[in-house]
Amino acid sequence: MSPLLYVAQRGTAVILAVAVAVHLGTILYAVRGGLTAGEILGRTQGNLAFLLFYGTFVVAAAIHAPIGLRSILREWTPWRGRSLDGAMLGVAALLVVLGLRAALAVYVA
Amino acid sequence: MNAPVPNAAPRDPTVEPAAGAMLTVRIRRDDGFQTFTLARRPAQTILDVVTAIQREQDPTLAYRFACRVGMCGSCAMMVNGRPRWTCRTRVAAVAEGDALTLEPLRNLPVVKDLAVDMEPFFTKWTAAHGAFEPGETPLGDFAVVAPDSPERRAVDAGIECINCGVCYAACDVVSWNPDYLGPAALNRAWTLINDVRDQGREARLDAVSGDAGCQSCHTHMSCTEHCPKALAPTFAIAGLKRETARTALRRFGARHFRRSA
């Protein structure tokens, strides 16, 4: 892993540590409060803070996960080189597209 | 920092083997394990054991040693699954009952029996720019190095490495990634990064970065746990991670921002 990838992974880990805690806290609050899906969507719809939070969360995860996955694959399989790096860029793109699509869907629903 | 070998003394130095006690030693040889039996003796070291076996039972047994007093680092091997200096490890400290299992150092190719080829270890030491780089022209004057400066302290913490290969054998990352430079080479690089006289800093930081470099360390601390000199290569590697990250960010900033400013 290059030093810049190392910095990117550690930096996004800091963001994820906060984001995951807020995310889990929100889930617990919503479930314990007995909110219905409609009531949850009512709170998220058009809520720019919600979109910015989950947008940041998604981008951080999309940077963080492929870097770690690349290291694991290099250690446990013989996969190396440009094909591996390309595949990890693909994983990052997939996470961004799926994650932002989900966040947008809840925002505009 | 360089404390005596912490686990070399017997668990209870007053306990000596009973008269007539025998030791069963399994030794990995080229065609599998071979078992030897010999008498236990007071203050007997693992090196005493293999020497006795070679002299009295099987002169074809291959192993390596030189100084016998913990200075040269050439007698290291796996003792009951842990890498150790055999000259500084007493049988009483490590025998499981009256049994020992001896194997060549892990992560290195075997030459014969208990002797390994150290070439990959030293090739990586060189690849990590382990040699002092004086630069094109010598410094104009003597470098003044304050003994209590942070750089000098960082050097002191790792400078006593004698390249015995124990940390390299203990490292799981080396076993997963044969390209990984390993704790000793990275520790050496860290001592030179902190040497104010050295002129090879930038190239050395490049050499210790990447998939074979310091960023691949998992911080398992096996190297630090097993180092017979009580050094802490893990912290040297952590220092390299910080320094390579700082340098990469500085270069990134210079490349993408200062030019347009």
_B:Ser209 side, atom OG; A:Leu5 side, atom CG - distance, nearest 0.5 Å_ = 11.0 Å
*What distance separates A:Glu75 CD from B:His218 NE2, expressed to the nearest 0.5 Å?*
3.0 Å
*asked:* By the side chain to side chain donor-acceptor pair (under 3.5 Å) test, which pairs, at least two apart or in different chains, include something from residues 24-36 of chain A?
replied: A:Thr36-A:Glu39
*With a cut-off of 6.0 Å (strictly less than), are more than 12 heavy atoms of other residues, nucleotides or ligands near CD of B:Glu119?*
no
*Answer yes or no: does atom CZ of A:Arg101 have more than 12 heavy-atom neighbours from other residues, nucleotides or ligands under 6.0 Å?*
no
*Atom CD in B:Gln215, atom CD1 in A:Ile67: separation rounded to 0.5 Å?*
11.5 Å
*Go through B:Gly213, B:Gly210, B:Ala248 and name the one with the most non-hydrogen pairs under 4.5 angstrom from chain A.*
B:Gly210
*If you round to the nearest 0.5 Å, how far is OG of A:Ser71 from CG of B:Asn177?*
9.5 Å
*More than 12 heavy atoms from other groups under 6.0 Å of CZ on B:Phe235*: no
*Determine the minimum heavy-atom distance between B:Thr244 and A:Pro3, stating which atoms define it.*
O-CB, 3.6 Å
